[in-house]
Enquirer: 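Handing you a structure now.
Count residues from 1 along the sequence. Just so you know, these numbers use all the heavy atoms, side chains as well, and skip hydrogens, waters and symmetry mates.
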Amino acid sequence: PSLMLPALSLLRPLRTYSFCTLLMPPPQKWIVIDNGFNAKVCKSNGLLTTGPNAVVIRRSKGGEVRTAHDEILKSSLGTGNLYWLRATTKGFLSDVQLEAEVWSSFLSSDDKKSTAVVTSPILSPPDVIYGLLDLSFENFAFAGVHVVPPQLLSLIYFCHKPKAFSSIPAEGSTKIAPPSLTGVIVDFGSTCTYIISYFKGEMISKSLRRVPVGGQTLTGHIQLTLARRNPYIEVSNTVAEAIKERACFVAPEVSSEVKRRKCMGRDERKQNRAIYSLPDGHAIGDPKGFLVPKDKLDLIDTNSVSFVNLDHELYTVPEMLFHPESDTLGGITEGITESINSCPKTIRPELWSSVIATGGGCRLRGLMDRLYTSLRSAAPSVFPVVLYFPSQHADQTAVRGGVAALHEASFRSHLPKQISASSWSSVRGNRTTAVDLINETWTGLPLGDSDSSD
């Protein structure tokens, strides 16, 4: 019998959702941890929980309140008195003890002896995997661990549930072939964007490309741009991220957008302006501020330090995804094209027809339309191009793919080899032997591939 759980209902402030699976969970306990910028954890009880992969500290008159959850955002009078301690540096695990504190907020003693699927960035060196395994076995006593690149899990989720993805052109969603675990994954991360091609579940290592622009890169540039314009206003990282998500967009063509705005008359320019209200320090309202509605623009004092006028940064900052600041670096279109062209010629048509975008960046307004247009121009005219992206919960594809992999043998066979608690305890004291074990099981390192001309 199948296990039917209520779909995605909000249960408590820590953004806990019920998660549907198609098959009964395996007899043993299991857990999936997407250890990214925000941690996503799904257990064998079917609940998916998300929260910041950080320890949050709030300063107050009575001292500091330290927690690994963002529940204090609900009661805080603003976000200026909050700061985060992260266990990762540029996405890679760097502080095992701090990460253990974060995981403790998601896990309990009931999770011991679970079979775990844990993600780590695709270029993780052995020392990072070593720390992750040591954390899993020594602190939380897992029975076995699969350490998996999140891009593979996102591909598994796409093949497991293709109807959860939209496509451009729209008719592409009706022409999805039987799952073959073949496609190009474009993973919009927090610090960078990874592009990697898979063929029948196997990573083509020569196809790996890394664009050094991610969500936090864009957030930082919004902060910098606003600080230059008005040095008297300080926009926190949290508020800048909210501005990015609520107001920024990707223009179909930047030069045309600049010309269009220059040609606007006074009244038209006034109607098309964007003003963001900063948090006022009171419990009433959104602690991240809000975008002022169009019909309220004439009622506010735009010279007040409580409001920020948004102009060209609305579309020039997201443009960094296509044109990074360095002239020597290509954007995501060049990265996808190079990734596909590095693969054998016989599979390139199939890759062009299965470009799969994942990650929170997919939610950026206009990004998917612009990406498809640029890919259509870059691809050979004889090849169909189809771009897929999650219809919702774009940042949860990896954790959902991990659940699918544990429940279906056809997907489970493509996971990296599981490391058991007994095998880890036998090599833990010998660093060299432990690294050899990691190199045998970790599939995220680009160790070379066959000639791409084959």
Enquirer: Could you go step by step and tell me if V308 and L278 meet the side-chain contact (heavy atoms from CB on, under 4.5 Å) rule?
Expert: CA-CA 7 Å; V308 175; L278 299 175; 3.7 Å; yes

Enquirer: Using modelled atom types only, decide if a donor and an acceptor are shared between the side chain of S377 and the backbone of T373 within a distance under 3.5 Å.
Expert: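 Confirmed, S377 side chain pairs with T373 backbone.
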
Enquirer: Could you walk me through whether H393 and R400 pass side-chain contact (heavy atoms from CB on, under 4.5 Å), step by step?
Expert: CA-CA 10 Å; H393 308 300; R400 293 166 182 267; 3.9 Å; yes

Enquirer: Do S342 and R209 have side chains that approach each other closer than 4.5 Å (heavy atoms only, starting at C-beta)?
Expert: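 Yes, at least one pair of side-chain atoms sits under 4.5 Å.
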
Enquirer: Relative to each other, are the rings of Y388 and F158 parallel, tilted or perpendicular (30° and 60° limits)?
Expert: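 Y388 and F158: tilted rings.
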
Enquirer: Any heavy-atom pair between the side chains of V55 and V102 that's under 4.5 Å?
Expert: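 In contact.
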
Enquirer: Which heavy atom of A87 sits nearest a heavy atom of L98, and at what distance?
Expert: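 So the two residues come closest at N-CD2, 3.8 Å.
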
Enquirer: Can you classify the ring geometry of F249 versus Y315 as parallel (below 30°), tilted (30 to 60°) or perpendicular (above 60°)?
Expert: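 Tilted: the ring planes of F249 and Y315 meet at 30° to 60°.
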
Enquirer: With rounding to the nearest 0.5 angstrom, report the SG to CD1 distance, C42 to I31.
Expert: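 One finds 8.5 Å between SG of C42 and CD1 of I31.
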
Enquirer: Set out, in order, the CA-CA distance, both residues' side-chain angles and the distance that settles side-chain contact (heavy atoms from CB on, under 4.5 Å) for V211 and L321, then state yes or no.
Expert: CA-CA 8 Å; V211 180; L321 288 166; 5.9 Å; no

Enquirer: For the OG1 atom of T225 and the CG atom of D311, what is their distance to the nearest 0.5 Å?
Expert: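 Rounded to the nearest 0.5 Å, the OG1-CG separation comes out at 11.0 Å.
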
Enquirer: Name all pairs fulfilling the side-chain hydrogen bond (donor to acceptor under 3.5 Å, both in side chains) condition that reach into residues 138-149, sequence neighbours left out, sorted by first residue then second.
Expert: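 Qualifying pairs, neighbours excluded: H146-Q418.
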
Enquirer: Any idea how F140 and F142 line up, ring-wise: parallel (<30°), tilted (30 to 60°), or perpendicular (>60°)?
Expert: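 Because their plane-to-plane angle is under 30°, the rings of F140 and F142 count as parallel.
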
Enquirer: To check you understand the geometry: which heavy-atom pair defines the closest contact between F188 and L371, and what is its length?
Expert: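 F188 and L371 have their closest heavy atoms at CZ-CD2, 4.4 Å.
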
Enquirer: I need the minimum non-hydrogen distance between A247 and L291, along with the two atoms involved.
Expert: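 So the two residues come closest at CB-CD1, 4.1 Å.
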
Enquirer: Work out which heavy atom in P318 is nearest to a heavy atom in L364; give both atom names and the distance.
Expert: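 Closest heavy-atom pair between P318 and L364: CB-CD2, 3.7 Å.
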
Enquirer: Under the side chain to side chain contact (heavy atoms under 4.5 Å, CB included) rule, collect the residues that match up with R86, sequence neighbours excluded.
Expert: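 Counting only residues at least two positions away or on another chain, R86 forms a side chain to side chain contact (heavy atoms under 4.5 Å, CB included) with F37, N53, A54, W84, T88.
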
Enquirer: Are the side chain of H407 and the backbone of V403 linked by a donor-acceptor contact shorter than 3.5 Å?
Expert: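 Checking the backbone N and O of V403 against the side chain of H407, a donor-acceptor pair under 3.5 Å is found.
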
Enquirer: Give a yes or no on whether the ring-centroid distance for F389 and F165 is below 6.0 angstrom.
Expert: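 Judged by ring-centre distance (under 6.0 Å), F389 and F165 do not meet the cut-off.
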
Enquirer: Tell me whether the NZ or CZ atom of R431 lies within the 45° cone about the ring axis of Y130 and under 6.0 Å from its centre.
Expert: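 Yes, cation above the ring, under 6.0 Å and within 45°.
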
Enquirer: Where do P126 and V435 come nearest, in terms of heavy atoms and distance?
Expert: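 In terms of heavy atoms, the two residues are closest at CB-CG1, 3.9 Å.
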
Enquirer: Are the side chain of K43 and the backbone N or O of F106 linked by a donor-acceptor pair below 3.5 Å?
Expert: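 A pair under 3.5 Å: yes.
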
Enquirer: Does K40 use its side chain to pair, donor to acceptor, with the backbone of N38 at less than 3.5 Å?
Expert: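 Here the side-chain-to-backbone pair exists.
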
Enquirer: Between R246 and Y276, do the side chains contain a donor N or O and an acceptor N or O under 3.5 Å apart?
Expert: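 Note: Y276 and R246 side chains meet the donor-acceptor criterion.
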
Enquirer: Donor-acceptor pair, distance only, cut-off 3.5 Å: does the side chain of R348 make one with the backbone of C343?
Expert: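 Answer holds: yes.
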
Enquirer: Just wondering, do I195 and D187 contact through their side chains at under 4.5 Å, heavy atoms?
Expert: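 No, their side chains stay 4.5 Å or more apart.
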
Enquirer: Can you tell whether the side chains of E241 and K288 come within less than 4.0 Å, N to carboxylate O?
Expert: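 Here E241 does not pair with K288 in a salt bridge, since their nearest N and O are not under 4.0 Å apart.
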
Enquirer: What pair of heavy atoms forms the shortest contact from S154 to A398, and how long is it?
Expert: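 Shortest heavy-atom contact: OG-N, 3.7 Å.
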
Enquirer: Heavy-atom distance under 4.5 Å between the side chains of M203 and I196, does that happen here?
Expert: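 Yes, at least one pair of side-chain atoms sits under 4.5 Å.
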
Enquirer: Do S420 and S422 pair up side chain to side chain, a donor and an acceptor below 3.5 Å, judged on atom types alone?
Expert: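 Yes, S422 and S420 have a side-chain donor paired with an acceptor closer than 3.5 Å.
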
Enquirer: Ignoring hydrogens and geometry beyond distance, is a side-chain donor-acceptor pair present between S423 and S426 at under 3.5 Å?
Expert: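 S426 and S423 do not have a side-chain donor-acceptor pair below 3.5 Å.
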
Enquirer: For F411, does its backbone N or O pair with a side-chain atom of S413 as donor and acceptor, under 3.5 Å?
Expert: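 Answer holds: no.
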
Enquirer: Between Y198 and I204, does a side-chain contact (heavy atoms from CB on, under 4.5 Å) hold up when you go through it step by step?
Expert: CA-CA 6 Å; Y198 282 87; I204 303 175; over 6 Å; no

Enquirer: Are L132 and E99 side-chain neighbours, meaning at least one heavy-atom pair lies under 4.5 Å?
Expert: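 No, every pair of side-chain atoms sits at 4.5 Å or beyond.
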
Enquirer: What is the distance from atom CD1 of I168 to atom CG of L387, rounded to the nearest 0.5 Å?
Expert: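 Here the rounded value is 5.5 Å.
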
Enquirer: Regarding R370 and E319, does a basic nitrogen lie under 4.0 Å from an acidic carboxylate oxygen?
Expert: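 Result for this pair is yes, salt bridge flagged.
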
Enquirer: So how far is it from L437 CG to L133 CG, rounded to the nearest 0.5 Å?
Expert: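 Reported value, rounded in 0.5 Å steps: 7.5 Å.
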
Enquirer: Any donor-acceptor pair under 3.5 Å linking the side chain of T193 with the backbone of V213?
Expert: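 Yes, T193 side chain to V213 backbone: donor-acceptor pair under 3.5 Å.
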
Enquirer: With a 4.5 Å cut-off on side-chain heavy atoms, are L208 and Y194 touching?
Expert: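 Yes, side chains in contact.
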
Enquirer: Is the shortest heavy-atom distance from the side chain of I340 to the side chain of W352 under 4.5 Å?
Expert: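 Side-chain contact under 4.5 Å: yes.
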
Enquirer: Using modelled atom types only, decide if a donor and an acceptor are shared between the side chain of T89 and the backbone of F92 within a distance under 3.5 Å.
Expert: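 No, the answer is negative, given that no donor and acceptor are paired below the 3.5 Å cut-off.
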
Enquirer: For a 4.5 angstrom cut-off between non-hydrogen side-chain atoms, does V250 reach R365?
Expert: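 Not touching, per the 4.5 Å side-chain cut-off.
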
Enquirer: Measure the spacing between CD1 of I129 and CD1 of I438 and express it to the nearest 0.5 Å.
Expert: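 So the CD1 of I129 and the CD1 of I438 are separated by 6.5 Å.
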
Enquirer: If only atom types and distance count, is the side chain of E338 paired as donor or acceptor with the main-chain N or O of S207 below 3.5 Å?
Expert: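 Such a contact is absent between E338 side chain and S207 backbone.
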
Enquirer: Output a table of donor-acceptor pairs, distance under 3.5 Å, between side-chain atoms of residues 113-120 and any protein atom two or more places apart or on a different chain; print 'none' if there are none.
Expert:
| residue | atom | partner | partner atom | Å |
| --- | --- | --- | --- | --- |
| S114 | OG | D111 | O | 2.7 |
| T119 | OG1 | D34 | OD1 | 2.9 |
| T119 | OG1 | N35 | N | 2.8 |
| S120 | OG | S124 | OG | 2.7 |

Enquirer: Can you check whether G331's main-chain N or O pairs, donor with acceptor, with E334's side chain at less than 3.5 Å?
Expert: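 Side chain of E334 to backbone of G331, a donor-acceptor pair under 3.5 Å: yes, one is there.
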
Enquirer: Could you tell me if T219 and K244 have a donor-acceptor pair between their side chains, going purely by distance under 3.5 Å?
Expert: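 The criterion, which ignores hydrogens and geometry beyond distance, is satisfied for T219 and K244.
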
Enquirer: Give, for atom OG1 of T397 and atom CD of Q151, the distance between the pair rounded to the nearest 0.5 Å.
Expert: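 It is 9.0 Å, given to the nearest 0.5 Å.
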
